[in-house]
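Note that the numbering runs from 1 along the sequence shown for the chain. Keep in mind that the numbers below use all heavy atoms, side chains included, and drop hydrogens, waters and symmetry copies.
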Amino acid sequence: MNLRKDVHGGNVYRARDEYGISIGEILDYSANINPLGVPESLQKAIMNNMNLLTRYPDPDYTGAKRSLAEFNHVNESNVIMGNGATEIIFLIMEVLKPKKVLIPCPSFSEYEQAALFADCEVEHYRIKEEEDYILDSRDLMESLTEDIEMLVLCNPNNPTSQIIERKPMKDILDFCREKGITVVIDEAFIDFVDEEFNISMVDELSVYPNLFIIKALTKIFAIPGLRLGYGIGSERLIKRLELKKQPWTLNNMASLAAEILPKDRKYIEETKKWIKAERLRFFSKLSSINGIKVYEPFCNFILIKLLDDRLTSYNLCEKMAQKGILVRNAANFIFLDEKYIRIAIKDQRSNDIFLEKFVKTLEEVKVTDGIYT
């Protein structure tokens, strides 16, 4: 399989065609999806509302916005719906059209793609490897020159799984408010962060008119196939975005999911319990493996560096794929290279299978004369 062409994880279709493995038999560690699966509440709601397929969606997504506004403790006028977080990312760039955007990297590639699509200039700020990819807020602020009009932050950051805690984040927001810089924070994975790391900035929305937050339901509720994201911002900004947004980008089932899922507190609590325990266990097991560096995760995925100079992410991912396990080759993230991979955190049984095959693969790729293939 040509792993160089995979911009994102989750391409189980290519793996199926390349290796002849049914999708149901593939363990996909390249996509960071809740292993608890689609909530039963949504499954029942969809089955009981099949008649929605005969109707056009509500163009205002009233029920969906109301539910998400209550979930985030904001007003409905602060919420805009999107066909996945990607639509929101592209929309904010298209509407604001900042002349220059600063993106701390490595990070999610869609920010740059959206900025370039809107004819914005992009500058990359390097998050330092020697600091374990933890963002230095003071150094970042020193890099915010007068010509930068937008800063994009991913929190928790993809692919590093690191967070910016509340105090340094507020320092950044204070600085950017003073300088007139819009701050876009992608919180797509924030639901997987422990409660003690209370890092979401949604409750600061009224304090920072320059703040816009992107969120998603696809990760936490295991529904990437529905494409369901949303943005939270000032009422004035949301109105501007709505004027530019195409109509009916959400289908009725996605809109129904946005109404139902935020109320499923049991599923959310089970997710918090699972990720807190399994993240620590899985990280500990991985850290005991020789030949790799494992960066401590704060959400539901882990960044790993391959330490042997002769081993690349390309051949490792290929070998794992042959065993039915997809791993995210992180070589195409800016400031990373072919020494990095990213893996999801799944349930304990799946993670134990991964560990066994991962260790075996690291051993198998060592062939005659110590050359890796």
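Both Y208 and M201 are members of a single hydrophobic cluster when ILVMFWY side chains are connected at heavy-atom separations under 4.5 Å. Hydrophobic clustering (ILVMFWY, side-chain heavy atoms < 4.5 Å, transitive): I46 and L53 are in one cluster. Hydrophobic clustering (ILVMFWY, side-chain heavy atoms < 4.5 Å, transitive): F90 and V101 are in distinct clusters. With hydrophobic clusters built from ILVMFWY side chains whose heavy atoms lie under 4.5 angstrom apart, V327 shares a cluster with L336. Transitive grouping of hydrophobic side chains (ILVMFWY, heavy atoms separated by less than 4.5 Å) keeps F335 and L135 in distinct clusters.
Of the N and O atoms on the side chains of T182 and N210, not one donor lies less than 3.5 Å from an acceptor on the other residue. Using modelled atom types, one finds a donor on one side chain and an acceptor on the other under 3.5 Å when comparing S200 with E187. Checked by atom type, the side-chain pair N158/R342 shows a donor-acceptor distance below 3.5 Å. Of the N and O atoms on the side chains of Y29 and N351, at least one donor lies less than 3.5 Å from an acceptor on the other residue. Using a 3.5 Å distance cut-off with no hydrogens or angles, the side chains of T54 and N51 do not pair a donor with an acceptor. Side chains of N252 and S255: no donor on one and acceptor on the other come within 3.5 Å.
In this structure, the side chains of F354 and I325 come closer than 4.5 Å at one or more pairs of heavy atoms. Using a 4.5 Å cut-off on side-chain heavy atoms (C-beta onward), I334 and E112 make contact. Using a 4.5 Å heavy-atom cutoff, the side chains of R227 and T86 are in contact. A 4.5 Å side-chain heavy-atom check between M150 and V184 finds at least one atom pair inside the cut-off. Using a 4.5 Å heavy-atom threshold, the side chains of L144 and C176 count as touching. In this structure the side chain of Y230 reaches within 4.5 angstrom of the side chain of L217, judged on heavy atoms. Put simply, the side chain of Y111 reaches to within 4.5 Å of the side chain of I89, judged on heavy atoms. Between L362 and I289, some side-chain heavy-atom pair lies under the 4.5 Å cut-off.
Grouping Ile, Leu, Val, Met, Phe, Trp and Tyr residues whose side-chain heavy atoms lie under 4.5 Å apart, directly or via other members, leaves L307 alone, with no other cluster members.
We find the CD1-CG distance between I80 and L241 to be 4.5 Å, quoted to the nearest 0.5 Å. A distance of 5.5 Å separates CG in L96 from CZ in R240, rounded to the nearest 0.5 Å. Distance check: L311 CG to K339 NZ gives 5.5 Å after rounding to the nearest 0.5 Å. Between the CG atom of L226 and the OG1 atom of T218 there is a distance of 9.5 Å, given to the nearest 0.5 Å. In this structure, Q348 CD and L355 CG are separated by 10.0 Å, a value rounded to the nearest 0.5 Å. I190 CD1 to I213 CD1: the interatomic distance, rounded to the nearest 0.5 Å, is 8.0 Å.
Of all non-hydrogen atoms in L102 and H124, the two that sit nearest each other are CD1-C, 4.1 Å. When all heavy atoms of M169 and L153 are compared, the closest pair comes out as SD-CD1, 3.7 Å. Taking all atoms of both residues into account, the shortest heavy-atom contact from P262 to I268 is O-CD1, 4.1 Å. Between P104 and L151, the shortest heavy-atom distance links the atoms CD-CD1, 4.0 Å. The two residues M253 and N49 come nearest to each other via the heavy atoms CE-O, 3.5 Å. When all heavy atoms are compared, the tightest approach of I275 to C299 is CD1-O, 4.0 Å.
For the pair E70 and K263, the salt-bridge criterion is not met [side-chain N within less than 4.0 Å of a carboxylate O]. A salt bridge links R310 with D308: at least one charged nitrogen is closer than 4.0 Å to a carboxylate oxygen. Under a 4.0 Å N-O distance rule, the pair E76/R66 qualifies as a salt bridge. Comment: K323 engages E364 in a salt bridge, judged by a side-chain N to carboxylate O separation of less than 4.0 angstrom.
When atom types are taken as modelled, the side chain of T271 and the backbone of Y267 share a donor-acceptor pair closer than 3.5 angstrom. In this structure, the side chain of N75 does not engage the main chain of N78 through any donor-acceptor pair within 3.5 Å. For S313 (side chain) and E338 (main-chain N/O), a donor-acceptor pair under 3.5 Å exists by modelled atom type. At distances below 3.5 Å, at least one donor-acceptor pair connects side-chain atoms of N157 with backbone N or O atoms of P106. W248 places no side-chain N or O within 3.5 Å of a backbone atom of Y56 that could act as its donor or acceptor partner. Remark: the backbone N or O of S350 is paired with a side-chain donor or acceptor of D347 at under 3.5 angstrom. Here the side chain of T361 pairs a donor or acceptor atom with the backbone of K357 at under 3.5 angstrom. Remark: the backbone N or O of F298 is paired with a side-chain donor or acceptor of S161 at under 3.5 angstrom. Between the side chain of R279 and the backbone N or O of F192, at least one donor-acceptor pair lies under 3.5 Å. Between the Q162 side chain and the T160 main chain, a donor and an acceptor come within less than 3.5 Å of each other.
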TODO: Give the intermediate values and the outcome of salt bridge (Lys or Arg N to Asp or Glu O under 4.0 Å) for residues K276 and E270.
DONE: CA-CA 10 Å; K276 187 171 185 178; E270 287 177 352; over 6 Å; no
Open item on the list: For a salt bridge (Lys or Arg N to Asp or Glu O under 4.0 Å) check, start with the C-alpha distance between K170 and E204, then their side-chain angles and the critical distance, and finish with the verdict.
Closed with: CA-CA 9 Å; K170 289 197 69 174; E204 300 287 347; 3.5 Å; yes
Open item on the list: Assess the residue pair Y295 and Y133 against the criterion (ring pair (Phe, Tyr, Trp, His ring centres under 6.0 Å)); give the C-alpha distance rounded to whole Å, side-chain angles, the decisive distance to 0.1 Å, and a yes or no.
Closed with: CA-CA 8 Å; Y295 296 90; Y133 294 109; 5.3 Å; yes
TODO: Apply ring pair (Phe, Tyr, Trp, His ring centres under 6.0 Å) to F301 and F189, showing your working.
DONE: CA-CA 10 Å; F301 52 88; F189 291 100; 5.0 Å; yes
TODO: List the steps, then state whether salt bridge (Lys or Arg N to Asp or Glu O under 4.0 Å) holds for E40 with K44.
DONE: CA-CA 6 Å; E40 187 177 345; K44 289 181 177 178; 3.1 Å; yes
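Partners of D174 by salt bridge (charged side-chain N to carboxylate O under 4.0 Å, His left out), not counting sequence neighbours, listed by chain and number: R177. By the salt bridge (charged side-chain N to carboxylate O under 4.0 Å, His left out) test, K245 pairs with E87, sequence neighbours left out. With sequence neighbours excluded, the residues forming a salt bridge (charged side-chain N to carboxylate O under 4.0 Å, His left out) with D352 are R281, listed by chain and number.
Listed by first and then second residue, the salt bridge (charged side-chain N to carboxylate O under 4.0 Å, His left out) pairs involving residues 47-60 amount to none (not counting sequence neighbours). Each salt bridge (charged side-chain N to carboxylate O under 4.0 Å, His left out) pair with one or both residues in residues 130-149, not counting sequence neighbours, appears once here: K100-D147, K128-D139, D132-K293, E146-K179.
Around atom NZ of K97, more than 12 heavy atoms belonging to other residues, nucleotides or ligands sit under 6.0 Å away.
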